[in-house]
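See structure below.
Numbering of ligands and ligand atoms starts at 1, following listing order. Predicted model, so just to flag it, every value in this text is computed and none were measured.
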Amino acid sequence: MAPRNPNSEKILDFVVNEGNGIKGLVDTGIETVPDLYILPIEERLLPNNILPYDSIPVIDVSNWDDPKVKESICDAAGKWGFFQIINHGVPLHVLDAVKEAAYRFFGLPYEERNKYWAGNSPTDTVTLKTSFVPQAEAVLEWKDYLSFRCSPRDLESFPLWPPVCRDEVVEYMESAKSVIRKLLEVLLEGLKVKQIDKAREYTLMGSPIVNLMYYPHCPNPDFTAGVRPHSDISTLTVLLQDDNGGLYVRATENDSWIHVLPINGALVINIGDILQIMSNDRYKSIEHRVVANRSKDRVSVPIFVNPGPDAVFGPLPEVLESGEQPLYKEVVFSDYFKYFFSKKHDGKKSMDFARI
Ligand SMILES: COc1cc(/C=C/C(=O)SCCNC(=O)CCNC(=O)[C@H](O)C(C)(C)COP(=O)(O)OP(=O)(O)OC[C@H]2O[C@@H](n3cnc4c(N)ncnc43)[C@H](O)[C@@H]2OP(=O)(O)O)ccc1O
Ligand SMILES: O=C(O)CCC(=O)C(=O)O
Ligand SMILES: [Fe+2]
């Protein structure tokens, strides 16, 4: 990484080492984007590269057992890697409450937020961070996030979680569980897997993570990345976004992007690398990116449905049974996770870790 200029070093210190986050920097009243956040032109999302009339599928899942619904889900997972679901059964008040909880947490004074900053938190199941991997990024991402590990064991440290948002995070996670299970059942049935037993359940959803993402308003969002292009390393991700928009999904045409239109009450579902690997490329983890808003603070709440840390995954035997060659080797999830977090967000490069 090239050396940063002295002003960037000062800002890095304020944002990362002193734990103010990008929220703290925006609160100082900055009117221009500091160099530390300015993307080189080739990394920016240019208006010409946005396809204005395309959208990802929206699937009504009020009847999960309808074969047409199942087919739409599997088709969308294979073609788009991204879709929105409506009538999924997670109550609107639960969705609204967790978004409000995110605003509440990030509205706390510095001293209160800082109790949970990476390195200060009373438990490693909850951490407040900024950007992605600041140690490895020449240009930082315009976001802070409070991350909750949410396996049943992690929930034992619930009393140490921030009181202003912990009930809402747990309620959202608990309500989303049946949607996650249904989605995985449908997607695995599409791969000829008849039943999800305990071992498979651990591999598919053993260590979920819920993030409260906060993208403060940005003086010039076109110069910056809220999140750089990346695919998720999850099996799948359930994402609640607010009504600001700003999430873009890579289209099949070269370097074009589709905006994910916010739909009140909908959940955005995306396939992660792990399910692409398990399906031997039948399902696709598609790159996506986030652009912050010029005038409003944006929040989103992804649930990264991840394998248990020691789960070993690779192409499923059911997928390979007709003699198809595996495209990926078997990998331990914690190794994949560490690899992902050892570098900046970089498209789909993490998948090289598992590719044969
Ligand atoms: C997008 O698709 C996803 C995402 C996810 C998961 C999302 C999450 O948010 S999970 C929670 C955050 N992630 C992690 O914690 C990843 C695990 N972390 C690591 O493995 C390591 O931190 C590391 C990234 C590999 C770096 O390790 P190392 O070089 O040893 O440095 P550390 O000791 O961790 O940190 C040094 C120092 O810096 C502080 N720090 C690190 N990162 C940040 C940050 N982003 N913001 C602020 N501060 C940071 C750290 O606390 C240390 O401070 P000290 O004061 O203790 O020295 C799931 C699935 C998906 O698909
Ligand atoms: O905030 C969003 O809409 C998406 C965030 C995201 O892609 C991620 O954290 O992996
Ligand atoms: Fe993502």
Checklist line | Per-atom contacts, ligand 2 versus Val290 - under 4.0 Å to a heavy atom | finding: 1 (O), 2 (C), 3 (O), 4 (C)
Notebook entry, point to check: Could you go step by step and tell me if Leu275 and Ser285 meet the side chain to side chain contact (heavy atoms under 4.5 Å, CB included) rule?
Noted result: CA-CA 8 Å; Leu275 210 49; Ser285 66; over 6 Å; no
Margin query: Within the 4.0 Å heavy-atom shell around His288, which atoms of ligand 2 are there?
Written below: 7 (O)
Check: Could you state the interatomic distance from CG (Asn17) to CD (Glu9), rounded to the nearest 0.5 Å?
Finding: 9.0 Å
Margin query: Rounded at 0.5 Å granularity, tell me how far CD in Gln241 sits from CG in Leu95.
Written below: 12.0 Å
Note to self: Nearest N/O/S atom of Asp232 with respect to the Fe ion (ligand 3), by atom name, please.
What the structure shows: OD1
Checklist line | Linked hydrophobic residues, Leu261 as query - side chain contacts closer than 4.5 Å | finding: none
Next item on the list: To the nearest 0.5 angstrom, please state how far the CG atom of Leu108 sits from the NZ atom of Lys115.
Entry: 9.0 Å
Item checked: For atom 9 (O) of ligand 2, the option (of Met213, Glu141, Glu287) bearing the nearest heavy atom -> Met213
Notebook entry, point to check: At the Fe ion (ligand 3), what angle lies between atom NE2 of His288 and atom NE2 of His230, rounded to 10 degrees?
Noted result: 90°
Check: Counting each atom of ligand 2 from 1 as listed, which ones have a heavy atom of His230 under 4.0 Å away?
Finding: 6 (C), 7 (O), 8 (C), 10 (O)
Note to self: Out of all atoms in ligand 2, which are within 4.0 Å of some heavy atom of Phe304? Include the element for each.
What the structure shows: 8 (C), 9 (O), 10 (O)
Margin query: Under the ring pair (Phe, Tyr, Trp, His ring centres under 6.0 Å) definition, can you give me all pairs with a residue in residues 200-226, not counting sequence neighbours?
Written below: Phe106-Tyr214
